[in-house]
2 protein chains.
Amino acid sequence: MTVATTQIGCIKAATEILGDKWTPQLLRFFINEETVRFCQIQDLVGGINPRTLSARLTQLEDHDIITKSFTSSSRCEYQLTEKGRDLLPVLHSMEEWSNKYA
Amino acid sequence: MTVATTQIGCIKAATEILGDKWTPQLLRFFINEETVRFCQIQDLVGGINPRTLSARLTQLEDHDIITKSFTSSSRCEYQLTEKGRDLLPVLHSMEEWSNKYA
DNA sequence: TCTAATACTATACATTGTGTAGCGATAATG
DNA sequence: CATTATCGCTACACAATGTATAGTATTAGA
């Protein structure tokens, strides 16, 4: 009982990130591509609203899961932090489950 | 590129389940308690809307992740299927990440 | 029989996500 | 150097989703 409550609290941080629509898919791209640009994601993911994408990237930055670096005064690219790369095992286990039951 | 697209598609099944608000928390309870009742979840999770809970349970049933069995004509309990138990590794990896960065 | 719990549903509202358009700035092309 | 395309977003109105609160029929327990 107490155990249960404790463990549920502990999953929350991950669900707050991965629970948002598109976020797991986005992170997948980061893992495959190392550095990613805004419009690259738009093209690859297909169907994501730029406003939503913008919100996700900002949120991921705020949580230190990705970093934004400018390649010129107006163009930028994003890449995973260590914290972000640590999500890889989660994404892998999701992939395994998905493959088994797709 | 082609690889990326393939892999993203593969994560989708898991995100469709775990991406909905509350669902990972719910599943956590199933794992700890084996069989769970509607109001038990309401109490344990705290704050989940019964309408939302109802929708989640129906969805999980539709995806063969839980089964519903009646203990009387109007009372029932839910439990994980094998497919549902296979989500345990995902939840564990989410827990690990959460613990590391909470 | 009375009370409390179970497993929900109903309604109105708040929050979140979407489609489409567009904008200022920069990079590529001719 | 002028034109065109691309980049990284924002704005708007709308659709979908989740929430607070209340309520319902049934039933288990005292």
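A note on names: the letters A, B, ... follow the listed sequences, proteins ahead of strands, and every chain is numbered from 1. What's counted below: heavy atoms across the whole structure, side chains too, no hydrogens, waters or symmetry copies.
With rounding to whole Å, B:Gln42 atom CD is found 10 Å from C:dC8 atom P. In this structure, B:Phe70 places its CZ atom 9 Å from P of C:dA7, rounding to the nearest Å. The nearest whole Å value for the distance from the CD atom in B:Glu77 to the C1' atom in C:dA5 is 16 Å. The distance from atom CZ of B:Phe38 to atom C1' of C:dA5 is 13 Å, rounded to the nearest whole Å. Distance, A:Gln59 CD to D:dC9 P: 15 Å, rounded to whole Å. Rounded to whole Å, the distance from CG on A:Leu53 to C1' on C:dT20 is 16 Å. Computed from coordinates, the A:Lys68 NZ to D:dG8 C1' distance equals 8 Å when rounded to whole Å. Between B:Leu26 atom CG and C:dA7 atom P there is a gap of 15 Å when expressed in whole angstrom units.
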Can you tabulate the close N/O pairs, meaning under 3.5 Å, that link protein atoms to atoms of nucleotides 11-16 of chain C?
from	atom 1	to	atom 2	distance (Å)
C:dT11	O4	B:Arg51	NH1	3.4

Return the polar atom pairs (N/O with N/O) between nucleotides 28-30 of chain D and the protein under 3.5 Å, or none.
from	atom 1	to	atom 2	distance (Å)
D:dA28	OP1	B:Ser72	OG	2.9

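Residues A:Leu27 and A:Ile65 have side chains in contact (heavy-atom distance under 4.5 Å, counting atoms from C-beta outward). By the 4.5 Å heavy-atom criterion applied to side chains, B:Ile41 and B:Leu57 are counted as neighbours. Contact check for A:Arg75 versus A:Phe38: no side-chain heavy atoms found under the 4.5 Å cut-off. Side-chain contact between B:Pro50 and B:Gln42: present, with at least one pair of heavy atoms (C-beta onward) separated by less than 4.5 Å. Within the 4.5 Å cutoff, the side chain of B:Phe29 has no heavy atoms near those of the B:Gln40 side chain. Side-chain contact between A:Thr81 and A:Ile66: absent, with no pair of heavy atoms (C-beta onward) separated by less than 4.5 Å. Between B:Glu77 and B:Val36 there is no side-chain heavy-atom pair separated by less than 4.5 Å.
Between A:Arg37 and D:dG8 there is a side-chain polar atom (N or O) within less than 4.0 angstrom of OP1 or OP2. Contact between the side-chain N/O atoms of A:Lys21 and the OP1/OP2 oxygens of D:dA16 is not found at any separation under 4.0 Å. Between A:Tyr78 and D:dC7 there is no side-chain polar atom (N or O) within less than 4.0 angstrom of OP1 or OP2.
Taking the screw axis at each terminus of the helix from C:dT1-D:dA30 to C:dG30-D:dC1 from five consecutive base pairs, the angle between the two is 30° to within rounding of 10 degrees.
Both A:Thr52 and B:Asp43 sit near DNA chain C, but only B:Asp43 has its closest nucleotide nearer the 5' end. Mapping B:Leu57 and A:Trp22 onto DNA chain C by nearest heavy atom places B:Leu57 at the nucleotide closer to the 5' end.
Salt bridge A:Arg28/A:Glu95: present, at least one basic N to carboxylate O contact under 4.0 Å.
In this structure, the separation between CD on A:Glu82 and NZ on B:Lys100 is 5.5 Å, given to the nearest 0.5 Å. A:Thr15 contributes atom OG1, which lies 9.5 Å from atom NZ of B:Lys21 (distance to the nearest 0.5 angstrom).
Between the side chain of A:Asn49 and the base of C:dG19, a donor-acceptor pair under 3.5 Å is found.
Judged purely by distance below 3.5 Å, without hydrogens or angles, the side chains of B:Asp64 and A:Tyr101 never pair a donor atom with an acceptor atom. A donor-acceptor pair shorter than 3.5 Å can be found between the side chains of A:Ser93 and B:Ser93.
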